[in-house]
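Since the structure is predicted, the reported quantities are computational estimates derived from the model, not experimental observations. We name chains A, B, ... by the order of the sequence lines, and we start the count at 1 in each one.
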Amino acid sequence: MGPRWQQDGAFGKEKKKEPGPRAPSLAVPAGAAVYVYQNLRPFYKHRLPPRAPAPLERDVWDQARQDKIDPLMLKEMLESIREKAEIPLSARSLRFLTLEPGELQAFVTLHKDQPLQHQTVITCMTTLRKDLADEDGATCLVLGTESREVLILDPEAFTGLAQMTLAAVPAFLEATGQFDVEYRLTAACRNGCLYLLRRDSRRPRCCIELSAQPVGLVRVQKTLVVGCSDDTLRGYTQKGKRLWTVQLPAPLLTMALLEQKSRGFQAVLAALSNQEVHVYRDKALLDVIQTPDVVTGLIFGRYGREDSTLLMTTKGGGLLVKMLKRRAVLEAPLAPGPPLAQAVRLAVPKKTRLYVDQTLREREAGAAMHQVFQTELSRLRLSAARAYVRALQGSLAPLSATPQHPLSLRATVQGVGPTFKLTLHLQSAAPAGASTGLLLSFQYDEHLYAMASSLLRTPMLVPGLNYPIETFVECLSDKGISDIIKVLVLQEGLRTPLLTAHINMPVSEGLVAA
Amino acid sequence: MAGPGAQLVSSFPVAKEPQKPRPKKVPELPILERRNWLIHLHYVRKDYDACKMIIKEQLQESHGMCEYAVYVQALIFRLEGKIQESLELFQTCSILNPQSADNLKQVARSLFLLGKHKAAIEVYNEAAKLNEKDWEISHNLGVCYMYLKHFNKARDQLNKALQLNRHDLTYIMLGKIYLLEGETDKAIEVYKTAVEFSPENTELLTTLGLLYLQLGAYQKAFEHLGNALTYDPSNYKAILAAGSMMQTHGDFDVALTKYRVVACAVPESPPLWNNIGMCFFGKKKYVAAISCLKRANYLAPFDWKILYNLGLVHLTMQQYASAFHFLSAAINFQPKMGELYMLLAVALTNLEDTENAKRSYEQAVALDQCNPLVNLNYAVLLYNQGDKKGALCQYQEMEKKVNVLKETSTLDFDPEMVDMAQKMGAALQVGESLVWTKPIKDSKSKQRAASGKPSSTQQPLGSNQALGQAMSSAAGYGKTIQLSSGVGISAPLAKPPSLPLEPEPGSETGPEETTEPQERRKEK
């Protein structure tokens with residue numbers, strides 16, 4: 001059992017001074033309990049009362065205890081309860097549901113005699129004065145739990161003084177006022193909402209939708225300052241109206257209140273992930289503290305004899321202590337001014353001497369240049385058109401344009417020589433029936449290449465299918481030269497080829513190497 | 001964080017254990033939610049690596065039953081762009097806890113991100129059964145309907161969302177829908193309410209300013225853009241829009257200073273370099289203007305407005321051959337604009353290709369509705385060619401347009417244009433003095449009272465650039481290239497080039513500049 005406790009304890013994040021009569025104590029929430037220390041010694045442990053499980057669930061387990069139902073049936077019933085119940089199942093039932101059929105019986109025998117409990121977990125904590133506003137007054141603990149409740153505990157007896165229900169699990173709590181007189185609670189919840197509660201309200205009076213996750217919550221006088229996961233710091237009134245928004249330069253990690261009681265001065269400390277701690281008063285950035293590591297915990301207050309001390313814990317496990325100079329004035333906000341970028345000169349591209357010369361030339365002879373250009377353009381178009389017509393007439397393209405025989409031809413050459421394998425892929429796209437009576441003819445330089453047959457008969461071409469036709473070519477030259485082989489697809493009885501392909505043969509490396 | 005605390009606490013159970021002797025030791029089952037708060041804390045602090053480690057441990061311990069761990073894992077997947085994985089995990093969540101509207105909302109959100117809007121709507125509707133008064137559900141339903149182009153339903157849902165809880169985002173979406181439907185007035189109303197609700201939102205301010213700019217309400221536009229800039233002095237859109245307005249008023253130096261901020265933030269923005277180029281043009285630094293415009297053209301080669309401006313600057317520099325190429329390129333992208341053909345005609349006139357210049361003017365006159373310059377320039381060309389009849393015809397067309405403009409708008413005519421028109425009138429006056437005297441008087445009075453088309457055409461050039469809508473507006477037109485290609489084929493006659501002009505002062509208006517070459521010729 002020991003290790004688990006230790007682990008939980010390691011997560012205890014809130015350390016609050018809880019001054020009783022003259023002897024301050026420290027409360028650490030962990031799991032379902034609050035541990036109270038005095039003079040660095042364990043003093044008291046308060047475990048939150050377990051919640052009653054859903055009545056249906058309890059009945060089912062009761063029946064199991066009396067062996068009225070077998071484990072398989074129990075499992076079925078629990079499943080159905082889970083799907084409908086308002087109250088989530090207890091840890092025992094949920095665990096039971098994950099077990100293999102073989103383990104069920106053993107689990108039931110082991111656990112059935114224990115009372116069924118639904119234990120909740122503390123998620124956040126803050127403090128609230130009981131009756132006196134001064135330093136020495138007794139302080140109530142305010143706890144937020146995983147079961148969406150806010151509890152206020154009596155400072156002496158640790159009995160629940162008040163209990164409120166929220167719509168979501170609270171992540172940060174903030175309290176002001178005195179419990180016996182009038183108080184306000186603010187809960188920042190995991191659904192991205194702020195709920196504002198007052199004395200005697202069991203349900204939240206007002207809800208602020210942040211549309212981002214809250215990362216920190218601090219009250220500065222009557223303003224609620226919320227840091228959000230969209231890198232903003234926002235100020236809200238107690239009635240939920242947004243006052244201002246500040247864009248932060250980096251993601252926010254944690255926030256704390258900076259309070260100089262002697263001056264009546266309050267500001268917000270915000271630790272950012274760029275290793276800076278910013279000090280804001282409303283929208284104005286008052287100061288920036290550079291830190292050697294990312295700060296994850298902040299607390300400002302009295303440390304020894306020094307009233308204004310800032311304690312910072314860092315991600316790497318360091319602790320930083322900074323004391324505010326007693327004469328320090330945090331009033332003057334840093335001047336905003338125009339953005340720095342405005343002082344940077346525009347990088348206008350430079351033009352060369354050549355460009356200027358060309359410009360002058362164009363001015364002098366613009367019309368002539370235009371004419372020459374247009375003439376040449378016309379010539380280019382003419383020669384392109386001629387080449388196109390030639391290609392069409394000679395069926396030089398690897399795609400046949402005749403409507404009766406829409407053919408396509410692809411060729412691959414394999415081998416290093418002197419013998420090459422030439423594969424021709426013929427495909428027909430004729431809409432009406434197969435193409436028959438086609439011939440393949442090769443034209444090549446007979447001094448360079450030799451082929452078994454320069455005329456091949458193709459099989460019947462079914463449209464859409466690919467017909468690979470293989471043949472061998474032997475290179476006769478040893479001088480490392482290569483040439484083109486023309487492939488003509490012919491139709492019996494037609495004078496012009498259907499299509500022509502030029503195959504650029506590779507150099508025969510076999511002979512060259514030899 | 002709580003190093004010492006941890007040790008202390010660990011001593012606790014040791015101290016307590018002997019006090020609780022139990023008959024049979026039953027292992028206590030770990031509470032499923034015990035580390036949820038830590039998962040949440042790491043998640044909101046964006047320490048996703050640590051978060052994923054804890055989630056993994058927690059899921060091992062709880063045999064995958066810890067709903068919140070699965071939920072956050074899904075959120076992280078979504079942030080990492082693994083939408084499909086996140087969808088599956090959210091579905092697991094909603095199996096673990098079918099009563100939670102939030103799980104359903106997230107399933108729907110993932111479906112939405114995957115582009116399955118219809119499926120998303122179904123899941124949202126189911127979530128709405130569990131939680132009726134949820135702003136987010138209504139808003140997202142509205143957005144889904146918007147993408148499905150069911151604008152009526154979308155508007156209903158968004159208005160419902162606004163009733164539940166007011167958010168800037170809902171206003172923005174509602175405004176967008178009105179803009180998609182082409183109802184600028186209603187969109188402005190929405191944005192106005194939004195700005196009242198959230199006076200410091202720069203996006204709202206900028207959008208409203210740009211809408212006013214489109215409607216020609218320059219005072220209001222400037223006010224809102226200025227407000228946006230006070231809250232965020234480096235707002236890209238607002239600077240460009242405000243800068244283009246300064247340019248219209250001739251504050252080129254101020255505009256250039258503002259553009260420096262944008263040049264640092266978005267150095268590869270075509271509209272920015274276009275506007276900078278036109279600033280230099282206004283300051284008569286033509287070489288700088290050309291190099292900036294060429295950079296803009298390099299960054300956005302298909303933007304006809306940049307090509308238009310390039311053509312214009314080259315005309316001013318008497319580089320008519322270059323101007324011809326830029327203008328014909330612009331016409332290829334935007335074949336429905338009379339002014340472009342007019343500029344092309346001016347270039348062709350100077351390239352001694354009168355035949356094609358005339359054809360280009362014909363096209364310009366056919367397309368243009370309200371710019372008197374087109375007709376005036378054509379009249380000058382016809383007159384120079386000795387075609388007095390045609391010139392007179394164009395002159396009368398111009399008069400008509402001027403009269404319409406006088407009634408509808410309040411801006412001044414360009415004095416140069418008026419001067420030119422008077423000379424033209426005088427030259428054509430043969431027996432038409434009656435007709436002629438009137439327009440002179442008209443145009444004189446116009447100088448103060450009536451509006452010049454030039455300045456109103458030029459503003460959209462700058463401002464629309466800023467809106468980034470130039471492309472979309474230009475994209476609507478089909479391509480008709482007949483004229484420019486016709487020009488290309490024709491072989492112009494060789495003639496000595498006309499007298500080079502010194503670049504004339506003038507604002508960045510296109511059409512205005514073009515009268516100059518014509519005018520000079522006539523004076524010859």
**Q** Let me know if Glu146(A) has heavy atoms under 4.5 Å from chain B in its side chain, its backbone, both or neither.
**A** side chain
**Q** Assess the pair Tyr320(B) and His370(A): is the distance between their ring centroids shorter than 6.0 Å?
**A** no
**Q** Quick one: what part of Leu169(B) sits under 4.5 Å from any heavy atom of chain A, side chain, backbone, both or neither?
**A** neither
**Q** Locate the shortest heavy-atom distance separating Glu200(B) from Leu243(A); write the atom from each residue and the value.
**A**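 It is OE2-O, 4.1 Å.
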**Q** Please look at Thr359(A) and chain B and tell me whether the side chain, the backbone, both or neither of the residue comes under 4.5 angstrom of a heavy atom of that chain.
**A**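 When you check distances to chain B, atoms from both the backbone and side chain of Thr359(A) fall under 4.5 Å.
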**Q** With sequence neighbours left out, write down each residue that passes salt bridge (Lys or Arg N to Asp or Glu O under 4.0 Å) with Glu203(B), or none if nothing qualifies.
**A**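 Glu203(B) satisfies salt bridge (Lys or Arg N to Asp or Glu O under 4.0 Å) with no other residue.
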**Q** So which part of Leu319(A) gets closer than 4.5 Å to some heavy atom of chain B, the side chain, the backbone, both or neither?
**A** neither
**Q** Could you tell me which portion of His167(B) (side chain, backbone, both or neither) has an atom closer than 4.5 angstrom to a non-hydrogen atom of chain A?
**A** side chain
**Q** So, do Val287(B) and Tyr355(A) sit near enough that their side-chain heavy atoms are less than 4.5 Å apart?
**A** yes
**Q** Quick one: ring pair (Phe, Tyr, Trp, His ring centres under 6.0 Å) partners of Phe96(A), sequence neighbours excluded?
**A**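 Expected list: Trp61(A), Phe107(A).
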**Q** Taking the side chain as every heavy atom from C-beta outward, state whether Phe373(A) and His325(B) have any atom pair closer than 4.5 Å.
**A** yes
**Q** Counting only heavy atoms closer than 4.5 Å, note whether Arg242(A) contacts chain B via side chain, backbone, both or neither.
**A**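 Just its side chain gets close to chain B.
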**Q** Do Arg34(B) and Gln119(A) have side chains that approach each other closer than 4.5 Å (heavy atoms only, starting at C-beta)?
**A** no
**Q** At their closest point, which heavy atom of Val215(A) faces which heavy atom of Val44(B), and how far apart are they?
**A** CG2-O, 3.7 Å
**Q** Could you pull out the closest heavy-atom pair between Arg190(A) and Tyr68(B), with the gap in Å?
**A** CD-OH, 3.3 Å
**Q** Check whether Asn201(B) gets within reach of chain A through its side chain, its backbone, both or neither, counting any heavy atom under 4.5 Å.
**A**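 Neither part; nothing is under 4.5 Å.
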**Q** Given heavy-atom pairs under 4.5 angstrom as the criterion, report whether the side chain, backbone, both or neither of Ile276(B) touches chain A.
**A**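 Only the side chain of Ile276(B) comes within 4.5 Å of chain A.
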**Q** Measure Asn36(B) against the heavy atoms of chain A and call it side chain, backbone, both or neither at under 4.5 Å.
**A** both
**Q** Do Asp231(A) and Lys46(B) come close enough that some side-chain heavy atom pair is under 4.5 Å?
**A** yes
**Q** Quick check on Lys350(A) against chain B: is it the side chain, the backbone, both or neither that has a heavy atom closer than 4.5 Å?
**A** neither
**Q** Check whether Leu253(A) gets within reach of chain B through its side chain, its backbone, both or neither, counting any heavy atom under 4.5 Å.
**A** both
